[in-house]
Structures are given as structure tokens and as C-alpha cells.
Amino acid sequence: MNLDFGPPVQAFRADVAAWLAANLPASPLPSVDTAEGFALHREWEARLAAAGLAAVSWPAEYGGRDASLLEWLVFEEEYHAAGGPVRVGQNGLFVLAPTLLAHGTAEQKARILPPMAAATEVWAQAWSEPDAGSDLAALRSRARRTDGGWLLSGQKTWSSRAVFADRAFGLFRSDPEEERHRGLTYLMFGLRADGVTVRPIPQLDGEPGFAEVFLDEVYVPDSDVIGEPGNGWRIAMSSAGHERGLPLRSPGRFTAAAARLARLWAGAGRPDDGIAGRVADAWIAARAYQLYGYQLASEPAGAAGPASGTGGAASGAQASLGKVFWSELDLSIHETALELLGPAAELKGTEASAWLDGYLFALAGPIYAGTNEIQRSLIAERVLGLPR
Ligand SMILES: Cc1cc2nc3c(=O)[nH]c(=O)nc-3n(C[C@H](O)[C@H](O)[C@H](O)COP(=O)(O)OP(=O)(O)OC[C@H]3O[C@@H](n4cnc5c(N)ncnc54)[C@H](O)[C@@H]3O)c2cc1C
């Protein structure tokens, strides 16, 4: 494999690095799960969008740069290495957008993608319900036909950043008579529309990182259905592939974290009591995930560019492999860091406490985007071909 990416990609990398060096906020932004932090992250996204960097892999007509998968991977490496802020619009940018690019109408793409890139519209994912998490097809929220559209009723939960976000996308049961994976419709709705109640749920750190969303006869026009009514499950599985695969958690995030861990270890006097091996393992694993990304980029679909938002990034059951890998790697990087730091990690507001915040979030990695137990079943059945 030729890992010399050639002058255009190197130039793109240099441009991104230079822009980030000149524009990154001088100090870390407050948590995105606070009203103040959310607003500041939204402003940051607007600056990225103005520079054409909010969604580099999208087609230029929607605010992207037609970047190939390789260029997108390079952008992500630079972004995370520079310590760029959490992407407040991540559920929209990395889950809904590729879904719309693959299944949306021309009108939907033109209407929804530009404000998503500029973060004037931030999207939340409203899939989970109190009795439908791993078993998503058990969902009970309804979409009932009405003149020119649908009336949504029911309850969604664990919707990240929905407390402050503008709109949400989710699955609704439009035909209760049908078998459970059929009769589901993929719809988009406003979080401040009539009939919507959003109730915050605090996360481990006390901030309202989640919301429950209650819907009571919320009107949604036909133009906000993605794909055909009743075909929502198939489209949702393509969204899930983006959520589990490279797009939501790119390799750059982990190569940057592993490099920070190596610096932390060096700064702690390079202890060699077994922890050195764990630091090296984390670095090697992050590098392996990076090379896996490059491998995907070298395949024909990767070179094809923005057809799915991030070129040929892994999706389907293959994405489950990546999801288990990155979520367990993230946890092990943060556990090793906390061990190196000892009690210092518990001092709030210090550089060290960023590792504790990261650890609390890393604990959720094996749960969100479909739990790792479920991913292991998918890998067993669909990748390895083992019996159910
Ligand atoms: C940080 C975070 C952010 C999230 N953000 C969102 C969001 O934005 N939008 C959204 O819709 N949802 C979101 N979720 C919800 C997430 O998708 C669900 O928590 C997840 O799918 C698991 O569902 P559940 O919580 O209902 O657990 P359950 O499905 O009740 O599972 C409980 C336990 O049982 C295990 N289990 C269940 N079924 C099986 C099986 N068949 N085989 C083996 N083990 C099984 C699970 O692995 C898990 O360990 C988020 C969750 C977290 C932690």
C-alpha cells in the first residue's frame, strides 16, 4: 500500500492545519451540554462552515468540498490533533446527512443540508424509546396519516443534545397492522413544534446531555418523510451503518487521544510498571484503526467521493467491527490515563480533569450507536456466518 498521499492531499492537510491554528478558540469551550456551551459550539460550527470546513466530504452545492474519503480522514486527523471542539451537529452531519445524500429528495438535500452545515439548524437523533433500545423494531411511537402529512405521537428518549437542538429525525410506526420491521416510516420534525415537549435528563456529569421527547399529534408534512412511507427500517439501517462506522468516530479522534496519552506517560517520567505496554497497545490500536480507514479509502468506493457523505466508509455489518473496536479502544485509552494521573484526575477544571470527563463519556461508547453485545451478535451472524 502506498501511504504517500501525494501533493494535493498534503496541501489540503497543510491548509486545514493552518486554518485551525489561526482560528481555534483560545481556550476550551464550556461543555456542549450546557446552554452557554451549546451556543458557543454553534458559533464555532458557523465559522467552520464559512471556511468550507464543516462538512468537507459533502458535495460543494450543499456547503461541502467534494472531498474524497482520504481527504476527509486527513481533515479529521488534523481537527482532533489540534484539539478542535466537539461537533455539536454530529448527529446531523454524520448520521442524517449521509442518509439524506443516499435516500433524500433533491428538495430535501437543498433545504436541509446547508443550514445543517452552518449549524443554524442543529439536529438530534430521536430513535430510542423507553421499551425500544437494542430492540429498536419494538418502537411504538406512531405516525398517523392526515391531509398532506402525518401526525406523530409517542415518546422518545436518550436523545443527545435534544434539549438545545432545533430538529430531530426518527422512526415511527405508520402501519400498526404490519410485521414489526415493516410499517415504519423515517420522519423529521421540529423540536419546538406544537405538541412537542422536551424534558432534559442529566448525564453522569450532571449536565443535561440527553432529553426525553414527548410527541402529541405533532404535524409533519409529507416533504419531511425520508424515502417511502413504510420503508423506514431499511433506511434506518443505512443511518446506523454511518453511526457505527468511520463517520461518527473517525480514526483521527483516536490517534490524537493515543498521542496525548503517550505525552502524558512521558510527562509522568515514563513509568515502566506494565503501564508502558498499555500506552503502546493504545497507540498501536489507534494506528491500526487509522490504517483500516486508509484501506477503505483506497477501495474504489472510497475514491468515488461524497456519494454517501464520507465516500466509501464502512457501513452495514462491517461497521459493527469498527464500532466495537473504537469504543473499547476509547475506554482503554482513558482508563490508562486515569491510572497514570491518580487522584489528580479528580480535580475539576484542570487539564487533568479533561481525562476524567473523557473517561465518563468513553463509558457510554459500548452503549450508544447500538450496544457492543448487539454488535458482536451482528458480527457473529453476518460477518463470520455463525448460526443465530
Ligand atoms: C451517551 C449516549 C448517547 C445516546 N444518544 C442517543 C441519541 O441521540 N438518540 C437515541 O435515539 N438514542 C441514544 N442513545 C440510546 C442508545 O442507543 C441505547 O441506550 C442503546 O441502543 C441501548 O438501548 P437501551 O438503553 O434501551 O438498553 P437495552 O436495549 O435495554 O439493553 C440493556 C442491556 O441488555 C443487553 N441486551 C439487550 N438485548 C440483547 C440481545 N439481544 N443480546 C445480547 N444482549 C442484549 C444490552 O447490550 C445492554 O447491555 C444514547 C445512549 C448513550 C449512552
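None of these values were measured; they are calculated from a predicted model. Only heavy atoms go into these numbers, but all of them, side chains included; no hydrogens, no water, no symmetry mates. Just follow the structure's listing: the first ligand is 1, and inside any ligand the first atom is 1.
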Is there any N or O on S377 that sits under 3.5 Å from an N or O of ligand 1? no

Pairs of donor and acceptor atoms involving the side chains of residues 109-124, under 3.5 Å and at least two apart or interchain, shall be tabulated with distances.
from: R111; atom 1: NE; to: E107; atom 2: OE2; distance (Å): 2.6
from: R111; atom 1: NH1; to: D224; atom 2: OD1; distance (Å): 3.0
from: R111; atom 1: NH2; to: E107; atom 2: OE1; distance (Å): 3.3
from: R111; atom 1: NH2; to: S223; atom 2: O; distance (Å): 3.1
from: R111; atom 1: NH2; to: D224; atom 2: OD1; distance (Å): 2.9
from: T120; atom 1: OG1; to: P115; atom 2: O; distance (Å): 3.3

Which is closest to [atom] by heavy-atom distance: [options]?
atom	options	value
atom 14 (N) of ligand 1	W127, F169, W158, W123	W158
atom 27 (O) of ligand 1	A162, S128, S134	S134
atom 43 (C) of ligand 1	E243, E373, R376, Q90	E373

Report, in ascending order of atom number, the atoms of ligand 1 lying under 4.0 Å from any heavy atom of [X].
X	answer
T371	22 (C), 46 (C), 47 (O)
A364	1 (C), 53 (C)
Q125	7 (C), 8 (O), 9 (N), 10 (C), 11 (O)
S159	7 (C), 8 (O), 9 (N)

Given D166 and R192, is the salt bridge (Lys or Arg N to Asp or Glu O under 4.0 Å) satisfied, shown in steps? CA-CA 7 Å; D166 306 293; R192 278 178 278 284; 2.8 Å; yes

What do you think, any protein heavy atom under 4.0 angstrom from [atom]?
atom	answer
atom 50 (C) of ligand 1	yes
atom 30 (O) of ligand 1	no
atom 1 (C) of ligand 1	yes
atom 33 (C) of ligand 1	no

How close does the nearest protein non-hydrogen atom get to [atom], and which residue and atom is it?
atom	value
atom 21 (O) of ligand 1	G133 C, 3.8 Å
atom 8 (O) of ligand 1	S160 N, 2.9 Å
atom 19 (O) of ligand 1	I367 CG2, 3.6 Å

By ring-ring contact (aromatic ring centres under 6.0 Å, His included) - contacts of Y219 (at least two apart): none

For ligand 1, is any non-hydrogen atom under 4.0 Å from I374's backbone (N, CA, C, O), its side chain (CB onward), both, or neither? side chain

Audit row: W127, S239, side-chain contact (heavy atoms from CB on, under 4.5 Å) steps and yes/no: CA-CA 11 Å; W127 286 25; S239 304; 3.6 Å; yes

Do you know which two heavy atoms are closest between S128 and W158, and how far apart they sit? CB-CD1, 4.0 Å

With under 30° as parallel and over 60° as perpendicular, where do the rings of H181 and W233 fit, or are they tilted in between? perpendicular

Could you label the plane-to-plane angle of the F189 and F172 rings as parallel, tilted or perpendicular, counting under 30° as parallel and over 60° as perpendicular? perpendicular

Please report whether the ring centroid of F12 lies less than 6.0 Å from that of F75. no

Side chain to side chain, H334 and W355, heavy atoms closer than 4.5 Å: yes

To the nearest 0.5 Å, atom CG of D330 lies from atom CZ of F361 at 8.5 Å

